[in-house]
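Protein chains get the first letters and strands the later ones, always in sequence-line order, with residue 1 at the start of each. In this text the structure is predicted, and so the values were computed from the model without any measurement. Hydrogens, waters and symmetry mates are skipped; everything else that's a heavy atom, side chains included, is used.
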Amino acid sequence: METANRNKSETIRKKIQQWSEENPRPMPWRSIKNPYLIWLSEIILQQTRVMQGWDYYLKFSESYPTVKDLADAHIDDVLKNWEGLGYYQRARNMHAAAQQIVSTFEGRFPDDYDSIRSLKGVGDYTASAIASFAYGLPHAVVDGNVIRILTRLFGISGIITSAPVRRSIDALADEVLDKDRPGKHNQAIMDFGAMQCTPAPRCESCPLTADCSAFKDNLVGQIPLKKKPRPKRERFFYYIVFHQEEDLYIKKRSQKDVWEGLYEFYLIEQPEVRDWHQVVEHLPIPCDLEYETAHYKQTLSHQIIHARFALAAITGDRLLKEGYSAVNKKKMRNFAFPKIVDCYLRDKGVNLN
DNA sequence: CACACGTGGGA
DNA sequence: TTCCCAAGTGT
């Protein structure tokens, strides 16, 4: 049995390698050995499509050519470069990790798996990717692509997040790994998952159907098996855009919540739809209100956010405190905003870029 | 370990 | 329109 699996793994390894040579995918972070830039690309590509991350990678590698440049940057600038890419914790972790590399590793990117894995925001997948791509170390990547390929090929029908299933996938990934060319192999198997063994599979043109358990049992559409997502929570944001002459008041989101580190206006969150007159009963300072008619909606991974905006012209001498900054309209482009706030500002004609 | 964390694109 | 995501990690 073990011998059979080993033979199958060898067949898979060779066929995927051959497929990869026939289907090259040039990308800016391919064929480089710079561990910092490889790391950058891997963080950007987490849960992100290649096309969406492409320009961000170019922008980051230009703005921060070295890990020292990134470490020295202000987090607001890093987030501004990240603006629109989502999962902003990645940017904050990467910035912290850059400083970690400067302080702990003397500015030299670590070159062993455990040190790489110790960086903030670097998990098992990313550590294996960097170790294999930059240093040729024999660590198999296990990402969504690899999980999809291996569960189908080996007919693993259990829920993929369960610990035993995940362990068996990791073991298979190690077995299939080409220890002589780990980097090339890892890129090949991920490409294969991205282009051939896709969620909606293309079995009619797949070179591995003869070796595929799911194909044989007509289970390709049911593997990999995932848990059903929970229904999304609905939230209702009422933004008060306090302003005075050419200044708008904004504040950085700091709580452990969505969009941490990004900027927004004075926010009143309600558990359900409310009339504006109820929402604005207890504003902190005197103002003249003008309610915007447009409503904005954004669907996130685990919540649906509805946002309305009201302009609030400050009438008295009192100013907003507690973390709020008055920012000239022309300087708003220096700050990173959530998509939903960005959309509002664009609709209002505020110059953001 | 279940859950939160963003956004844009394709079917 | 609605759903499912896309090179995962931290808590």
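- Evaluation of the salt bridge (charged side-chain N to carboxylate O under 4.0 Å, His left out) test over residues 271-286 of chain A, restricted to residues two or more places apart or in two chains, returns A:Glu272-A:Arg274.
- The salt bridge (charged side-chain N to carboxylate O under 4.0 Å, His left out) analysis of residues 210-235 of chain A, with sequence neighbours excluded, yields the pairs A:Lys15-A:Asp211, A:Arg235-A:Asp257, A:Arg235-A:Glu269.
- Across the protein-nucleic acid pair, A:Leu45 atom CG and C:dC5 atom C1' stand 15 Å apart, rounded to whole Å.
- Of the residues in residues 172-192 of chain A, those with a non-hydrogen atom less than 4.0 angstrom from any atom of DNA chain C are A:Met190.
- Ring pair A:Phe265/A:Tyr344 is perpendicular by interplanar angle, where above 60° counts as perpendicular and below 30° as parallel.
- Residue A:Gln255 places its CD atom among more than 12 non-hydrogen atoms of other residues, nucleotides or ligands, all under 6.0 Å distant.
- Ion pairing of A:Lys59 with A:Asp55 is absent here, as no side-chain N (NZ or NE/NH1/NH2) approaches a carboxylate O to less than 4.0 Å.
- In this structure, A:Phe192 and A:Trp19 have perpendicular ring planes: the angle between them is above 60°, well past the 30° mark.
- Residues from residues 26-37 of chain A with heavy atoms under 4.0 angstrom of DNA chain C, sorted by number: A:Met27, A:Trp29, A:Arg30.
- Checked for salt-bridge contact, A:Asp124 and A:Arg117 meet the test: a charged N lies under 4.0 Å from a carboxylate O.
- At whole-Å resolution of the value, CD in A:Gln255 and C1' in C:dT11 are 17 Å apart.
- A salt bridge does not link A:Asp143 to A:Arg148: none of the charged nitrogens lies less than 4.0 Å from a carboxylate oxygen.
- Map A:Asn93 and A:Pro229 each onto its nearest nucleotide of DNA chain C; the residue landing nearer the 5' end is A:Pro229.
- Sorted by first then second residue, the salt bridge (charged side-chain N to carboxylate O under 4.0 Å, His left out) pairs that include residues 288-308 of chain A, not counting sequence neighbours, are A:Glu292-A:Lys348.
- Ion pair A:Lys251/A:Glu264 not flagged as a salt bridge, since none of the NZ, NE, NH1 or NH2 atoms sits closer than 4.0 Å to an Asp/Glu carboxylate oxygen.
- Ionic pairing of A:Arg6 and A:Glu10 is not present here: no N-O contact between side-chain nitrogen and carboxylate oxygen is shorter than 4.0 angstrom.
- In this structure A:Asp76 satisfies the salt bridge (Lys or Arg N to Asp or Glu O under 4.0 Å) test together with A:Lys252, sequence neighbours excluded.
- Taking only side-chain nitrogens and oxygens, A:Lys226 comes nearer than 4.0 Å to OP1 or OP2 of C:dC5.
- For C:dT9 and B:dG8, the P atoms lie 23 Å apart once the distance is rounded to whole Å.
- Near DNA chain C, defined here as any heavy-atom distance below 4.0 Å, there are no residues from residues 53-72 of chain A.
- A:Ile159 belongs to a hydrophobic cluster whose other members, connected by ILVMFWY side-chain contacts under 4.5 Å either directly or through intermediates, are A:Leu225.
- Counting non-hydrogen atoms of other residues, nucleotides and ligands closer than 6.0 Å to CZ of A:Arg181 gives a total of 12 or fewer.
- Using a 4.0 Å cut-off between charged nitrogen and carboxylate oxygen, A:Arg25 and A:Asp191 count as a salt-bridge pair.
- By the 30° and 60° cut-offs, the orientation of the rings of A:Tyr263 relative to A:Phe335 is perpendicular.
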Contact pattern, 5' to 3', of nucleotides 4-11 of chain B - B, S or - by protein heavy atom under 4.0 Å: BBBBBB--
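- Taking every heavy atom of residues 116-141 of chain A and every atom of DNA chain B, no pair lies under 4.0 Å.
- Distance, A:Met94 CE to C:dG8 P: 16 Å, rounded to whole Å.
- Results of the ring-ring contact (aromatic ring centres under 6.0 Å, His included) test with A:Trp82 over A:Tyr57, A:Tyr56, A:Phe337, A:Phe60 single out A:Phe60 as the only residue that passes.
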Watson-Crick and G-U pairing of DNA chain C written in dot-bracket, each distance under 3.5 angstrom, with | for inter-strand partners: .|||||.||||
List the atom pairs, with distances to 0.1 Å, where a side-chain N or O of residues 312-321 of chain A and a protein N or O form a donor-acceptor pair under 3.5 Å, not counting sequence neighbours.
{"unit_1": "A:Thr315", "atom_1": "OG1", "unit_2": "A:Pro286", "atom_2": "O", "d": "3.3"}
{"unit_1": "A:Thr315", "atom_1": "OG1", "unit_2": "A:Cys287", "atom_2": "N", "d": "3.4"}
{"unit_1": "A:Arg318", "atom_1": "NH2", "unit_2": "A:Pro284", "atom_2": "O", "d": "2.9"}

